[in-house]
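Not measured: the values here are computed from a predicted model. Scope of the values below: all heavy atoms of this structure, side chains included, with no hydrogens, waters or symmetry mates. In listed order, ligands and their atoms are each counted from 1.
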Amino acid sequence: MQHLASGRWVSGEDIASLLGVSRAAVWKQIRALKRRGYRIEAAPGRGYRLAEGSDLLDAESILLDLKTEWLGHDLRCLQEVTSTNELAVSAARGCRDGTVFLAEIQTQGKGRLSRPWSSPPGGVWMSLVLKPAIPLSQAYRINMAVSVAVSRAIEHLYGLEAGIKWPNDILIAGRKVCGILMEVSAELDRLEYAVVGVGLNANIDASSLPEEWMATSLQDEIGGRVSRVELIREILLETERACGRIEGDEIPEEWRRRSVTLGRRVRVASIWGTLEGEALDLAEDGALLLEADGVKRRVLAGDCIHLRAKEER
Ligand code: BT5
């Protein structure tokens, strides 16, 4: 696959000798790639090349112009996995800080509370292994940093306003384009690692997802396909920048500015029950501060629904 990544013509003979396989094996591989949806052109006497605009996801093309200092330098790009988070969690201890797992398809992509995450080809299904030297009590800041980074990347590349819905969904015009799932491991209060899973609907048709999910995709918003390679590079760069400012007020401040939850009437369901009220602010520990029936309350984790006008009391 990486031999086609440059977009230049490459002969079947050259690929065969580079890989040490037969011409027939190359042809079989090309046929398999086409079946997976890659647009590969073939011309007699010239060989094969990846058609312009092909959305090829491979580590080599991403690394080619990746501007990060440490994040994503160990990039593991796979075709089909159960879940990149699952893979990253099982490997995290032996991985260096900033290792990234990416997959074209997840067969058991997961959301919070083991909810399913639909992961067809064309999305960005990626998990980052992060090992910042912060106490466990501050781990919520990693989540915040990644939400801010994804929102920034979407804004920079496509000029779309990408708001953050508490706790960390990314919405475009009220519809979910990205979900983030963080899993951490710690020893006493020392954070060992965090695995942050980013599920971003890039080149997928959101109308194929159930309407009640209120999902969207970059492709639907822009009216055309995006380069996932460029998108992943930008997310990694913004995440590295945000991780560099993990302590201090800057990230929570930017999270607040990008929040589409604060100031709204919301209903939050958590293990402690359901609360309805006005979302006032984000607390020091990432909890949502609500005013419900004149009383200020804190919710550390839960599912948040932005209420429509007709549901307001
Ligand atoms: C999330 O959970 O939003 C976190 C999703 C994290 C997915 C990434 S992909 C890479 C990494 N590997 C994984 O296995 N996971 C991470 P939550 O807030 O619980 O939202 C889950 C809910 O979103 C589901 O119950 C559906 O209602 C909806 N949903 C599922 N797939 C979706 C999609 N592709 N786009 C929008 N909404 C979706």
Margin query: Quick check on contacts: which atoms of ligand 1 are under 4.0 angstrom from a heavy atom of T84?
Written below: 10 (C), 11 (C), 12 (N)

Margin query: If the cut-off is 4.0 Å to any non-hydrogen atom of K110, which atoms of ligand 1 fall inside it?
Written below: 5 (C), 6 (C), 7 (C), 13 (C), 14 (O), 15 (N), 16 (C)

Notebook entry, point to check: atom 9 (S) of ligand 1: which protein heavy atom is closest, and how many Å away?
Noted result: Q106 NE2, 3.3 Å

Next item on the list: List the closest protein heavy-atom neighbour of atom 8 (C) of ligand 1: residue, atom name, distance to the nearest 0.1 Å.
Entry: G199 N, 3.6 Å

Check: Shared ILVMFWY cluster between L128 and V195, side chains joined below 4.5 angstrom?
Finding: no

Checklist line | Within-4.5 Å side-chain heavy-atom neighbours: V226 and N203 | finding: yes

Margin query: For atom 31 (N) of ligand 1, what's the nearest protein heavy-atom neighbour? Residue, atom name and distance, please.
Written below: S118 N, 2.9 Å

Check: Which atoms of ligand 1 sit under 4.0 Å from any heavy atom of M126?
Finding: 10 (C)

Note to self: I'd like to check which ligand 1 atoms, numbered from 1 as shown, lie under 4.0 Å from a non-hydrogen atom of G109.
What the structure shows: 14 (O)

Next item on the list: Would you mind checking if R233 and E230 are paired as a salt bridge, meaning a charged N to carboxylate O distance below 4.0 Å?
Entry: no

Check: What do you reckon, is CG of D189 surrounded by more than 12 foreign heavy atoms closer than 6.0 Å?
Finding: yes

Next item on the list: For atom 5 (C) of ligand 1, grab the closest protein heavy atom and report residue, atom and distance to one decimal in Å.
Entry: W117 CE3, 3.5 Å

Notebook entry, point to check: So do the side chains of L75 and L66 get within less than 4.5 Å of each other, counting heavy atoms only?
Noted result: no

Notebook entry, point to check: Hey, are D285 and R298 close enough for a salt bridge, meaning a charged N less than 4.0 Å from a carboxylate O?
Noted result: yes

Notebook entry, point to check: In terms of atom number and element, which parts of ligand 1 are under 4.0 angstrom from non-hydrogen atoms of K176?
Noted result: 1 (C), 3 (O), 17 (P), 18 (O), 20 (O), 23 (O)

Margin query: Within ligand 1, which atoms have a heavy atom of S127 less than 4.0 Å away?
Written below: 11 (C)

Notebook entry, point to check: For E192, does the CD atom sit with more than 12 other heavy atoms under 6.0 Å from it, leaving out its own atoms?
Noted result: yes

Notebook entry, point to check: Of the protein's non-hydrogen atoms, which lies at the shortest distance from atom 29 (N) of ligand 1, and what is that distance?
Noted result: W213 CE3, 3.4 Å

Check: Is it true that E238 and R241 make a salt bridge, defined as a side-chain N closer than 4.0 Å to a carboxylate O?
Finding: yes

Notebook entry, point to check: Should you measure from each heavy atom of P116, which atoms of ligand 1 turn up under 4.0 Å away?
Noted result: 24 (C), 30 (C)

Next item on the list: With heavy atoms of N201 as the reference, note each atom of ligand 1 found under 4.0 Å away.
Entry: 33 (C), 34 (N), 35 (N), 36 (C)

